[in-house]
2 protein chains.
Amino acid sequence: MPDSASVIPRSTLQEEIATRLRAEIVEGFWEPGARLQERILCERYGVSRSPLRETFQILVKEGLLELLPGRGAVVTRPTMTDALENIEVLIALESMSIALACERASDAALAEIESLHEKMRKSVDENKVKNFYKFNNAVHTAIVHASGNSAMIAAHANHQRHITRLQNLSGALQAITADSLAEHDEFVGALLARDADKASEKLRAHLNTTAEKIRLRILESE
Amino acid sequence: MPDSASVIPRSTLQEEIATRLRAEIVEGFWEPGARLQERILCERYGVSRSPLRETFQILVKEGLLELLPGRGAVVTRPTMTDALENIEVLIALESMSIALACERASDAALAEIESLHEKMRKSVDENKVKNFYKFNNAVHTAIVHASGNSAMIAAHANHQRHITRLQNLSGALQAITADSLAEHDEFVGALLARDADKASEKLRAHLNTTAEKIRLRILESE
DNA sequence: TTATTGTATATTGCATGCAATATTGATATC
DNA sequence: GATATCAATATTGCATGCAATATACAATAA
């Protein structure tokens, strides 16, 4: 019997479908509230209903789909309240991650974060909005990876995805994050100096400005 | 067309199976490393393979199962490293939650937490170990609920489950948490006084003592 | 004996079948 | 014209079928 370490990894159909469908929902191809009929998706992906329905369960867990009994899969509608809840979770995960990264991350990992930060700065200088969001998210993701905690990394990805989705759908958060470069300077600087307390506090402050703006929007819309 | 608010909620088969199988894995009925053959589980739960396989995807997302292509579902083996990773995530989520709870929770919610805390104290006095773990976990869960953040609540449940499972499987963490009453006094006291910074710091310190003990065990076992 | 090969059986991964429910759309009613 | 009713159709939820793969086991060789 081969032990699990020597088993050649094989990809499953559900993983493939999940990757495609997830990306299409996050990119906005499938609109919030859209009903996903099994037959249509089966034809689109060239698979049968069994692996597709298994995939639905994955995306339900990720918060991208809702399954209404008797009525099938519906794309969730991201609200500002959802965004706020997810941001609060990201504050928790990222402020912990950056502290861990200060203690544990390799110099190479920190250098990579600094490099992404500089690319983000350049995107601002050149007014390339799409790149700005890309590198902004990349910096946050890299910090969590630098924690070396795989449970943290997985949880973060699940929550960050919802923020990315809102950015893609509406540009609703664009103005919100556009002035964040100076704040990034602060927590990236503290991270490079491996000052865990300061890095954690500055990252928390940064995300809190976003959270506060979302709270204001929620209040306005009531 | 009835709008979604008026739809009578129906439970699905996957939810039922997931609830049962999840509980059985967490309780240790299915041992770490056990292979879950579809036929056996189908007979046990009186369902067919389709809803069972959909349930597998849910429990994979929760980290309780692993799906090996061609070889089916296997119960994951919780390791001390997993426990440490999950504790670090819990530190992040709970320290944020208690700060939010200080600001937002109703007096009734705080009173409920205090009541659970007193039940935990009583369990210690009466040396009822099982109740101690039950109310210990209940206090932590109630604090996260008091944050009012449903994304936080869901994420916390997913990570706390792994710690509960380790407690059930081996009693491995029992000695680790047995001396935590005094620490609970500290952060519950700060929460009741709605002192967010102090509550957050004391809760973090409490969970850090557990994390440190796990780190020591990992070092010893290497 | 232990290791190896070949074969029978069991199990999985995906496809399809079927009954119950939901949706659609035409007709009738106000 | 708007609304209600009911039959026709489509879709879902779960069960089952089938081919490919994995497992178990007996026969054989070292």
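Being a predicted model, the structure only gives us computed values, none of them experimental. Per chain, numbering begins at 1; letters A, B, ... match sequence-line order. These numbers come from the heavy atoms of this one structure, side chains and all, not from hydrogens, waters or symmetry mates.
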Whole angstrom value for the distance that separates P of D:dT12 from CZ of A:F56
8 Å

Regarding A:Q14, tell me which of base, sugar-phosphate or nothing describes its non-hydrogen contacts under 4.0 Å with the strands shown.
sugar-phosphate

With sequence neighbours excluded, give me every salt bridge (Lys or Arg N to Asp or Glu O under 4.0 Å) pair touching residues 25-37 of chain A.
none

Any residue meeting side-chain hydrogen bond (donor to acceptor under 3.5 Å, both in side chains) with A:R39, in chain and number order, not counting sequence neighbours
A:E43

Enumerate the residue pairs fulfilling salt bridge (Lys or Arg N to Asp or Glu O under 4.0 Å) with a member in residues 142-163 of chain A, sequence neighbours excluded, ordered by first and then second residue.
A:E62-A:R161

To the nearest Å, give me how far apart CD (A:E15) and P (C:dG13) are.
11 Å

Atom pairs, N/O to N/O, protein against nucleotides 15-17 of chain D, distance under 3.5 Å?
{"from": "D:dA15", "atom 1": "OP2", "to": "B:S48", "atom 2": "N", "distance (Å)": "2.6"}
{"from": "D:dA15", "atom 1": "OP2", "to": "B:S48", "atom 2": "OG", "distance (Å)": "2.3"}
{"from": "D:dA15", "atom 1": "O5'", "to": "B:S48", "atom 2": "OG", "distance (Å)": "3.2"}
{"from": "D:dA15", "atom 1": "N7", "to": "B:S50", "atom 2": "OG", "distance (Å)": "2.7"}
{"from": "D:dA15", "atom 1": "N6", "to": "B:S50", "atom 2": "OG", "distance (Å)": "3.1"}
{"from": "D:dG17", "atom 1": "O6", "to": "B:R49", "atom 2": "NH1", "distance (Å)": "3.0"}

Once you measure the plane-to-plane angle for B:F187 and B:H206, does it fall in the parallel (<30°), tilted (30-60°) or perpendicular (>60°) bin?
tilted

Would you please name every residue forming a side-chain hydrogen bond (donor to acceptor under 3.5 Å, both in side chains) with A:S95, sequence neighbours left out?
A:R204

Return no unless some side-chain N or O of B:R71 is found under 4.0 Å from OP1 or OP2 of D:dT23.
yes

For B:S106, check side-chain hydrogen bond (donor to acceptor under 3.5 Å, both in side chains) against everything at least two apart and list the hits.
none

Residues within residues 33-42 of chain B bordering DNA chain C, heavy-atom distance below 4.0 Å:
B:R35, B:L36, B:Q37, B:E38, B:R39

How many Å lie between CG on A:L52 and C1' on D:dG13, as a whole number?
14 Å

What residues, two or more places apart in sequence or in another chain, satisfy ring-ring contact (aromatic ring centres under 6.0 Å, His included) together with B:H145?
none

Please state how far atom CD in B:E54 lies from atom P in C:dC14, giving the value in whole angstrom units.
13 Å

Sequence neighbours excluded, which residues qualify as side-chain hydrogen bond (donor to acceptor under 3.5 Å, both in side chains) partners of A:S123?
none

